[in-house]
Structures are given as C-alpha cells and as structure tokens.
Peer 1: 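Got a structure here, written out as structure tokens. Questions coming.
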Amino acid sequence: MELRINSLTKTYDNGVKALDGIDLAIQPGMFGLLGPNGAGKSTLMRTIATLQRPDEGTITFGDIDVLKNPMQLRQVLGYLPQEFGVYPNMSAEDLLNYFAHLKGIYSRADRKKIVHEVLEITNLSQVKSKSVSGYSGGMKQRFGIAQLLLNNPKLIIVDEPTAGLDPAERQRFLNVLREISTNHTVIFSTHIVDDVRELCHELAIVNGGKVLYRGSSQAGEDAL
Ligand code: ADP
Ligand code: ADP
C-alpha cells in the first residue's frame with residue numbers, strides 16, 4: 001500500500017514552521033527520511049502516526065484517509081518513538097505476552113506463536129528470560145521492534161532508532177530492520193547518512209520542513 005502525503009504544513013505556537021509543504025509518496029520497502037536535528041522529521045513522523053495534527057494537508061495510506069480516520073490507521077501502524085521506552089522489571093517474553101493480550105490476541109497458543117516469532121526476528125530469543133529494564137539501549141530498541149510487530153502492522157515508523165547506539169548495536173539493529181523491510185513499508189528517520197546508505201533504496205532529504213531531495217539513494221549519492 002502506498003503512503004501519500006500532500007501539502008503538509010505545521011507551525012508551532014512559538015512560530016517555528018516545522019513542516020512547510022511536505023509532499024511525498026512512499027512505496028513498500030525501506031524508506032529513509034534523512035535530515036539534521038530540527039529538520040522536522042519527528043514532527044512528520046508523529047503526524048503520520050496520528051499523534052499530532054497538521055495545520056493543513058492530507059495523508060492517505062492505501063484507501064485510509066489518515067487525518068479523518070486516525071483509528072483505522074492505528075490498527076495497521078507500528079510506531080517506535082524516538083525516546084527509549086521505560087519498561088517494568090519483567091522478562092521480554094512475559095512482557096510481549098502481556099502486550100499481545102492487550103492487542104487483542106486472546107488465544108494462549110496464538111500468543112505463544114507470535115511472541116516466539118517476534119523474538120526470533122529481533123534476535124532476542126537468547127535473552128528472552130532477562131528483564132527488559134536491564135537491557136542495553138540496542139536491545140531495548142530491538143525489543144521496541146518486537147513489540148510493534150505483534151499485531152502485524154502494515155506501516156512501520158521508526159524515529160531516529162540508531163541515535164545513541166554503539167557501532168555493534170547499531171549494526172544489529174539495522175540487520176533487524178533490513179529483515180522486516182522485505183514485507184513491510186518502513187519509514188526510518190535518521191540524521192546519519194550511512195544508515196540510509198546501508199539500508200534504504202529510496203529516501204527523502206528534509207530540512208527546514210521542506211523536502212530537498214526525493215529519489216533513490218543510488219542516484220542521490222551526490223546529494224548525500
Ligand atoms: P527533527 O526530528 O528533524 O529533529 P522536529 O520535528 O523535532 O525535527 O523539530 C522541527 C522544528 O520544530 C525544530 O525547530 C524544533 O525545535 C521545533 N519543535 C518541535 N517540536 C516542537 C514543539 N512541541 N513546540 C515548539 N517547537 C517545536
Ligand atoms: P552493549 O553495546 O551495551 O554492550 P549489546 O547489545 O552489544 O549491548 O550486548 C549486551 C550483552 O548482551 C552482550 O554480552 C551481548 O553479547 C549480549 N547480547 C546482545 N544481544 C543478544 C542476543 N540477541 N542474544 C544473546 N545475547 C545478546
């Protein structure tokens with residue numbers, strides 16, 4: 001399904017124009033949103049995720065009119081915000097089982113199956129009995145991905161997920177994203193050029209709330 005964003009604008013109360021007429025069409029696969037701090041990436045991500053409203057513009061995902069039917073989008077959305085999650089002192093397996101229940105997976109067998117799957121995909125199976133509160137930053141980020149995969153989202157938004165990760169953790173995290181991007185639409189925001197180089201076929205470069213470049217990362221080598 002295609003995500004289409006048209007003429008999106010947002011000016012904050014302090015007068016900062018965070019989105020200044022954003023137009024984007026995003027196809028399934030891994031899409032990189034690259035821009036420096038303050039470019040407007042988080043504002044755009046939160047707006048797509050229906051956590052805040054723009055001043056003007058439209059967003060559609062397939063036949064969902066996102067701004068008119070935010071609940072419909074939320075049912076097919078997996079969103080990993082920029083802030084690290086704070087987790088209770090529970091094992092990853094128990095916590096995922098609990099989240100799966102909250103997401104409406106009521107059969108114990110179904111929960112067991114999906115929890116096993118998402119732990120495998122995120123490469124956390126070996127540490128599933130450890131407390132998530134004791135996880136490293138990278139493991140927490142991968143746990144965040146495991147959590148959002150529970151209800152098989154069609155659109156996945158990850159906001160600056162590699163910020164603050166050391167090189168080994170970053171690589172492990174990118175590997176997980178690479179794996180899930182083969183059958184999902186993933187929008188990945190970052191200020192790290194190499195993240196986009198390694199992972200994304202398509203990208204947009206944003207700054208000052210505007211799209212400065214849109215195209216393949218191959219063709220965009222000069223822009224990068
Ligand atoms: P990025 O994610 O690329 O760093 P943001 O969307 O967080 O960019 O921010 C874009 C601009 O909007 C920045 O100048 C930022 O300071 C400003 N901004 C973000 N959130 C708010 C807010 N809640 N109130 C006022 N200004 C904000
Ligand atoms: P940090 O960068 O904070 O050391 P890492 O995620 O690199 O965090 O690793 C923390 C510890 O957990 C390391 O000993 C690492 O080998 C181990 N570890 C990390 N991920 C996994 C995993 N998926 N399975 C088993 N052990 C892991």
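Start at 1 and go down the list; that is how both ligands and their atoms are numbered.
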Peer 1: List every atom of ligand 1 that sits less than 4.0 Å from any heavy atom of Asn14, numbering the atoms from 1 in the order shown and giving each element.
Peer 2: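 It comes down to these atoms of ligand 1: 25 (C), 26 (N).
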Peer 1: Would you call Arg214 and Glu202 a salt bridge, taking side-chain N to carboxylate O under 4.0 Å as the test?
Peer 2: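 Judged by the 4.0 Å cut-off on N to carboxylate O distance, Arg214 and Glu202 do form a salt bridge.
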Peer 1: Which pairs, with at least one residue in residues 102-113 and sequence neighbours excluded, count as a salt bridge (Lys or Arg N to Asp or Glu O under 4.0 Å)?
Peer 2: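 Output for this query lists Lys113-Glu117.
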Peer 1: I need the contact type for Thr43 against ligand 1. Using non-hydrogen atoms and a strict under-4.0 Å cut-off, is it side chain, backbone, both or neither?
Peer 2: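 The part of Thr43 near ligand 1 is both the backbone and the side chain.
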Peer 1: Does the protein put a heavy atom under 4.0 Å from atom 16 (O) of ligand 1?
Peer 2: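 Looking at atom 16 (O) of ligand 1, one finds that no protein heavy atom lies closer than 4.0 Å.
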Peer 1: Which of the atoms of ligand 1 are close to Asn37, meaning less than 4.0 Å from one of its heavy atoms?
Peer 2: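 The atoms of ligand 1 under 4.0 Å from a heavy atom of Asn37 are 4 (O).
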Peer 1: What protein heavy atom lies closest to atom 10 (C) of ligand 1? Include the residue and the distance to one decimal.
Peer 2: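 Result: Gly38 O, 3.4 Å.
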Peer 1: So is Gly35 touching ligand 1 or not, going by heavy atoms under 4.0 Å?
Peer 2: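 Not so, Gly35 does not reach ligand 1.
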Peer 1: Nearest non-hydrogen atom to atom 3 (O) of ligand 1 belongs to which of Lys17, Gln82, Lys41?
Peer 2: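 Selected option, by shortest heavy-atom distance: Lys41.
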Peer 1: Out of all atoms in ligand 1, which are within 4.0 Å of some heavy atom of Ser42? Include the element for each.
Peer 2: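 The list of qualifying atoms is 1 (P), 2 (O), 6 (O), 7 (O).
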Peer 1: List the closest protein heavy-atom neighbour of atom 8 (O) of ligand 1: residue, atom name, distance to the nearest 0.1 Å.
Peer 2: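 Checked against all protein heavy atoms, atom 8 (O) of ligand 1 sits closest to Gly40 N, 3.0 Å.
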Peer 1: Tell me the protein heavy atom at minimum distance from atom 19 (C) of ligand 1, and give that distance in Å.
Peer 2: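 Residue, atom and distance for the closest contact: Tyr12 CE1, 3.4 Å.
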Peer 1: Give a yes/no verdict on whether any heavy atom in Pro36 is under 4.0 Å from an atom of ligand 1.
Peer 2: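 Yes, that is the case, since the closest heavy atom of the residue is under 4.0 Å from the ligand.
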Peer 1: Are Phe61 and Leu19 linked, directly or through other ILVMFWY residues, by side chains that come within less than 4.5 angstrom of each other?
Peer 2: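 Yes, because Phe61 and Leu19 connect within a single hydrophobic cluster, where side-chain heavy atoms sit under 4.5 Å apart.
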Peer 1: Are Phe188 and Ile157 in one and the same hydrophobic cluster, where Ile, Leu, Val, Met, Phe, Trp and Tyr link if side-chain heavy atoms are under 4.5 Å apart?
Peer 2: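 No, no single cluster joins them.
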Peer 1: I need the full list of side-chain hydrogen bond (donor to acceptor under 3.5 Å, both in side chains) pairs touching residues 69-81, with sequence neighbours left out, sorted by first then second residue.
Peer 2: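 Non-adjacent pairs meeting side-chain hydrogen bond (donor to acceptor under 3.5 Å, both in side chains): Thr50-Arg74.
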Peer 1: Closer than 4.0 angstrom, basic N to acidic O: yes or no for Arg170 and Glu198?
Peer 2: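 Salt bridge: yes.
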Peer 1: So if I count the atoms of ligand 1 from 1 in the order they appear, which ones are less than 4.0 Å from some heavy atom of Val16?
Peer 2: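 Close to Val16: 11 (C), 12 (O), 14 (O), 17 (C).
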Peer 1: Please report the interatomic distance CG(Asn175) to CG(Leu177), rounded to the nearest 0.5 Å.
Peer 2: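 One gets 9.0 Å once the value is rounded to the nearest 0.5 Å.
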Peer 1: So how far is it from Met45 CE to Leu33 CG, rounded to the nearest 0.5 Å?
Peer 2: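 Between atom CE of Met45 and atom CG of Leu33 there are 5.5 Å.
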